[in-house]
Amino acid sequence: MNATENIKKIIVEKPLKLDCGKTISNYPIAYETYGKLNEKRDNAILAFHALSGDQFVTGTNPITNKSGWWSYLVGPNKAVDTNKFFVICANVIGGCMGSYGPNNLDPKTNKKLGINFPVITINDMVNAQYNLLDFFKIDKLFSIMGGSMGGMQVLQFVANYPDKTKTAIPIACTASHSAQNIALNELGRQAIMADNNWEKGDYLNLNNSPDKGLSVARMAAHITYLSQKGLQEKFGRKLQERDDLKFGFDADFQIESYLRHQGSAFVDRFDANSYLYITRAMDYFDLIKQYKGNLSKAFKDSKVKFFIISFTSDWLYPTSENKEIVIALNAAGADVGFIEITSDKGHDSFLLDVPDFLKSIKNFLEANY
Amino acid sequence: MKKEFKIISELIENNTRVLDVGCGDGILMKYLKDNKNVDTRGLEISKNNVQICISKGLPVIEGNAERDLQQFPNLSFDYVILSQTLQAFYNPEKVIDDLLRVANKAIVTIPNFGYWKVRLHLLLKGTMPVNKHLPNEWYDTPNLHMCTIKDFVNFCKRKNINLFKSLALHEEKVSMINKKNLNLKNFFSELGIFLIEK
């Protein structure tokens, strides 16, 4: 049996006008759910995944056979308790886990779309996923949550649909992608496009794949998810299965071997063109500009209860950028809580076993449910 | 709930918006929310206390009053509360200015350094006073700018801040402070509670 048959999908007939100007319709949104929707239909949480995530939040991912990306947070008796809450997560459009993306077939040519796929934005992703509320007949979500790009989707969702969620938890994110983050994404894209096997984006139709480029992109990105202290403590200058330096370019150091492994494991589950499209969507994200320079207008008259979380060692989406969101919410008179969690695990903290983080979310959800 | 918080809550009208600066574990915020239908916000420097407030469903942000008060727009609250923390700021004057920018009215409480036991401690023992309201030793105290009730009254006068209500607290007993009894209250009270406005 093909594992992709386990992917649940809705086909959205309603046309969606994208920010780039194109309109799409009859496109698939792949999703997964955990827990049960209660009779009052008021216990639903929409989780948004980050750049390299997918709809398989917890349990075993049926495609990769690895644990879901938010297994520490979401599950029975966990901080986001699926005995109590109904958790929905969709693969973003532009992704490669069943939703409308560059690996879809173009019905006109019967070839994979590749870079004929339209450039999408965070706003487009959120508007596409909104259709899941209609599908599940949910009038109002109990909460929306996400870290990194997932957090950007949380902010965009509240701005677009202020009455459709009771609470919102943007984690380790920003309201406006910084020059540093655009630069780092560009590095990844250039690595992919510099690989000859990328074939100008047409590799899927030529049975090729830019594994080296995607792998380098992932290696570079992975460094940005960690912290200097975390790296030093975990790897230091430890050597990889050898007693001394080999005076060559093999992976002498454990950190090199670790990154190479991260890179090669990633190409098995991720599409290089999706990586281009999703990083582009992140770079284009600027909620401040969308509201003409005044972020608090995005949250004007919002009745949503916000809880913003950042991490001390996150230099990719630092506390200062998260605090800008808090400031805008306070300026709008919104109901907002904020905490900076102490952690050496860098940006990745939101995916890891960081007890203070898990406890914060649990407490916030329980106090407001 | 301690007497000081009871008195503060009595100074606050129902159905108002209140910012509690240094809200601690949120006891006063929760009381105001539950009993006076007050729309509260909190600012708190301790991560642990922020966690406790979040678990009570209170909207509290982690931050430092000297740095983070500026994010609140002018007159975005009816009241702002500052309980026994004025003395811990680098620049108390600026904090008071900011409080009265953010809200019409501010409720400020201060541990009174003019209390007779404090004076006697320094006079007789010759060491920095340590008591219920000043529990730390000189080397580990967060307090940088201790003042007396009289100092604060004079400060408000100098800055043209209207002392709407001045109360003295001593052993759970509250009394009004006025011009005539200022020296007496300054001698016999552990805590001063002031409702001020610009």
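These numbers were taken from a predicted model, which means no experiment stands behind them. For the numbers below, each heavy atom of this structure counts, side chains included, while hydrogens, waters and symmetry mates do not.
Annotation: A:Lys164, atom NZ; neighbour count of heavy atoms from other residues, nucleotides and ligands within 6.0 Å is above 12. Within a 6.0 Å radius of NZ in A:Lys36, no more than 12 heavy atoms belonging to other residues, nucleotides or ligands are found. Atom NZ of A:Lys140 is surrounded by more than 12 heavy atoms from other residues, nucleotides or ligands within 6.0 Å. A 6.0 Å sphere centred on CD of B:Glu13 holds no more than 12 heavy atoms belonging to other residues, nucleotides or ligands. For CD of A:Glu233, the number of neighbouring non-hydrogen atoms (other residues, nucleotides, ligands) closer than 6.0 Å is greater than 12. The number of heavy-atom neighbours closer than 6.0 Å to NZ of A:Lys84, taken from other residues, nucleotides and ligands shown, is above 12. Residue B:Lys159 places its NZ atom among more than 12 non-hydrogen atoms of other residues, nucleotides or ligands, all under 6.0 Å distant. The environment of CZ in A:Phe85 is crowded: more than 12 heavy-atom neighbours from other residues, nucleotides or ligands sit within 6.0 Å.
When each of B:Val60, B:Leu58, B:Val50 is scored by its heavy-atom pairs under 4.5 Å with chain A, the top score falls to B:Val60. In terms of heavy-atom pairs under 4.5 angstrom with chain A, the leader among B:Arg41, B:Glu44, B:Arg17, B:Lys56 is B:Arg41.
The backbone N or O of A:Asp356 lies less than 3.5 Å from a partner atom in the side chain of B:Gln51, making a donor-acceptor pair.
Using a 4.0 Å cut-off between charged nitrogen and carboxylate oxygen, A:Lys323 and B:Asp68 count as a salt-bridge pair.
Annotation: side chain of B:Glu62 is not in contact with side chain of A:Val326 (no heavy-atom distance under 4.5 Å). Side-chain contact check for B:Ile54 versus A:Ile339: every heavy-atom pair is 4.5 Å or farther apart. Side-chain contact between B:Pro59 and A:Asp335: present, with at least one pair of heavy atoms (C-beta onward) separated by less than 4.5 Å.
Nearest heavy atoms, B:Lys47 versus A:Thr342: CE-OG1, 3.2 Å. Between B:Ser55 and A:Ala367 the shortest heavy-atom distance is O-CB, 3.5 Å.
In this structure, the portion of A:Phe307 lying under 4.5 Å from any heavy atom of chain B is its side chain and not its backbone. Only the backbone of A:Ala334 comes within contact range of chain B, with at least one heavy atom under 4.5 Å from a heavy atom of that chain. Heavy atoms closer than 4.5 Å to chain B are found in both the backbone and the side chain of A:Glu340.
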